[in-house]
Amino acid sequence: MLQLQTIREKKEEIIKALQKRNLDGTLLIENVLQLDEKRRSTQTQLDRALAEANSLSKEIGMLFKNGKQQEANVLKEKTGTLKEESKKLGEELNNTAEELQSLLYQIPNIPHPSVPSGNTEEDNVEIFKEGDIPILAGDALPHWELAKKYDIIDFELGVKITGAGFPVYKGKGARLQRALIAYFLDKNTEAGYTEIQVPHLVNEASGYGTGQLPDKEGQMYHVGVDDLYLIPTGEVPVTNIFRNEIVNEKDFPIRYTAYTPCFRREAGSYGAHVRGLNRLHQFDKVEIVRVEHPEKSYEALDGMVDHIKNILRELKLPYRVLRLCGGDLGFTAALTFDFEVFSTAQDRWLEISSVSNFETYQANRLKLRYKDENGKSKLAHTLNGSSLALPRVLAGILENYQTPEGIQIPEVLIPYTNFNIID
RNA sequence: GGAGAAUUGGCAGAGUGGUCGAAUGCGGCAGUCUUGAAAACUGUUGAGGGUCACACCUCCGGGGGUUCGAAUCCCUCAUUCUCCGCCA
């Protein structure tokens, strides 16, 4: 959520920047400022009433102490109207604040100046590409057929147990997936991220903290009886570690990595593009999260991008990096780089990582602050990225490493799998 | 799931209706002393709103109530601890 102070000071710039998201925020911002004005004036009136009541109460106390009952009773009468007034003002203040809050929740983050304009993923800008796209034999198969051929992923079995989008990994498929998780966690740890394990269900406050609520409510599975949500990404529990925290400036950089399953309802998406592992309701992901000093956050973002490049280079997968355009940028992000791996048998790119800087947007919701050198608390910056999303990496490996003899295992993974071919 | 106790500032811990935003100790920060450090001593040290700056207002787990006045009384929810039950 944007800071009110920023909206007050940079109204025009914000409206202009939001146009990159193809959003005309004029009315929204105007309403916010109006409500903010109203809130503050109501607050002032309320404060005045409370101040008066407070000093009367003190006087009454003194009078009672000195045995002047009658005078005290006279003053008591006066407090009656003040009480009514402050009650009314208090309600008004609450209503205004609530209305203001819900408007603020509707304003997305301001895109970073380097975000290109554009409407759809077509307008994202490729900034880097690496790795050779293998030339496959004419009978090369998409991963879902490879999965069947070698009996390593069973989609139908998942349908029986749960429903579409919940595959069962078997034998070397399961082992390969576990190897990838361990490998990613090891790489992240080497790079300075602390490995943690977090809950896979979160409460409502956490959903608001990272911005899944209220705007993306329908994307999460909700456990009604206990009012908890299954996490759509590890970002939610990990970043919420810092909700309502004031960290020490000396603690930067704060770096965490966590492996979690992710649950997404993804209602209404069917067709060829969601076949196999391309889109699932449950999948595994290793996430990296950083909390940074505002002046260092873009440096950190670059570092995260380089880190993920390294991993993909080691896996020898053909991939590219995109700078997301305004129209494709997530609600809470200021700048996002997407990583895509080339799925040779499907002849298309698959998103396997999304690395974002949220600047103070999440921190403001989370109330995540740090103490600067003058002892003042300021909002920190939060960042996160996938390193990496498992199913599509798996799909990329299956398709790009297929040979007539079987599926070769990338060299760096063999110590983790203990086999070098799936056949 | 049942019974009881608790929830106060970074931590520990006082405070049961009237200068209590809150004693005290530890920790943190600044200073004195010291060649330096430690010790000792002195000062300082919660968050948010509001203001040019003051004033002022709010916050003692969350929400609601009683009262002129609540950290202190009442209701309710949550969490933690102890005992019992159940269980990986």
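Throughout, a chain's letter reflects where its sequence line sits, starting with A, and its residues are numbered from 1.
When heavy atoms are screened at a 4.0 angstrom cut-off, R48(A) is found touching no nucleic acid atom at all. When heavy atoms are screened at a 4.0 angstrom cut-off, L50(A) is found touching the sugar-phosphate backbone but no base atom. Residue S57(A) is in base contact, counting any heavy-atom pair closer than 4.0 Å across all strands shown.
Taking only side-chain atoms of N54(A), from C-beta outward, the nucleotide of U58(B), G49(B), A47(B) with the closest atom is U58(B). Checking A47(B), C68(B), C57(B) against the side-chain heavy atoms of A51(A) singles out C57(B) as nearest. Listed nucleotides: G18(B), A47(B), C57(B). Nearest to the side chain of R369(A): A47(B).
In this model, the phosphate group of U51(B) is approached by a side-chain N or O of R40(A) to a distance below 4.0 Å at OP1 or OP2. OP1 or OP2 of G48(B) lies within a sub-4.0 Å distance of a side-chain N or O belonging to S377(A). In this model, the phosphate group of A47(B) is approached by a side-chain N or O of K371(A) to a distance below 4.0 Å at OP1 or OP2.
As rounded to the nearest Å, G9(B) and G15(B) have P atoms that lie 16 Å from one another. For the C1' atoms, the distance linking U82(B) with A30(B) amounts to 45 Å, nearest Å. Straight-line distance between the P atoms of A12(B) and G36(B): roughly 37 Å, to the nearest whole Å. For the P atom pair drawn from C56(B) and G62(B), the interatomic distance equals 25 Å after rounding to whole Å. Between the C1' atoms of U19(B) and C29(B), the separation comes to 29 Å (whole Å). Nucleotides U51(B) and U79(B) place their C1' atoms 38 Å apart, quoted to the nearest Å.
Residues H381(A) and F358(A) place their aromatic rings such that the two centres sit no closer than 6.0 Å. Ring pair Y105(A)/Y208(A): centre-to-centre distance below 6.0 Å.
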Could you go through residues 164-171 of chain A and list every donor-acceptor pair under 3.5 Å that involves a side-chain atom there, pairing it with any protein atom two or more places apart or in another chain?
| unit_1 | atom_1 | unit_2 | atom_2 | d |
| --- | --- | --- | --- | --- |
| K170(A) | NZ | D151(A) | OD1 | 3.1 |

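Note on ring orientation: taking the six-membered ring where Trp is involved, the planes of F339(A) and Y319(A) are parallel (angle under 30°, cut-offs 30° and 60°).
Annotation for Q5(A): atom CD does not count as buried by contact number, only 12 or fewer foreign heavy atoms lying within 6.0 Å.
C29(B) and G43(B) make up a base pair, with Watson-Crick or G-U wobble contacts both under 3.5 Å.
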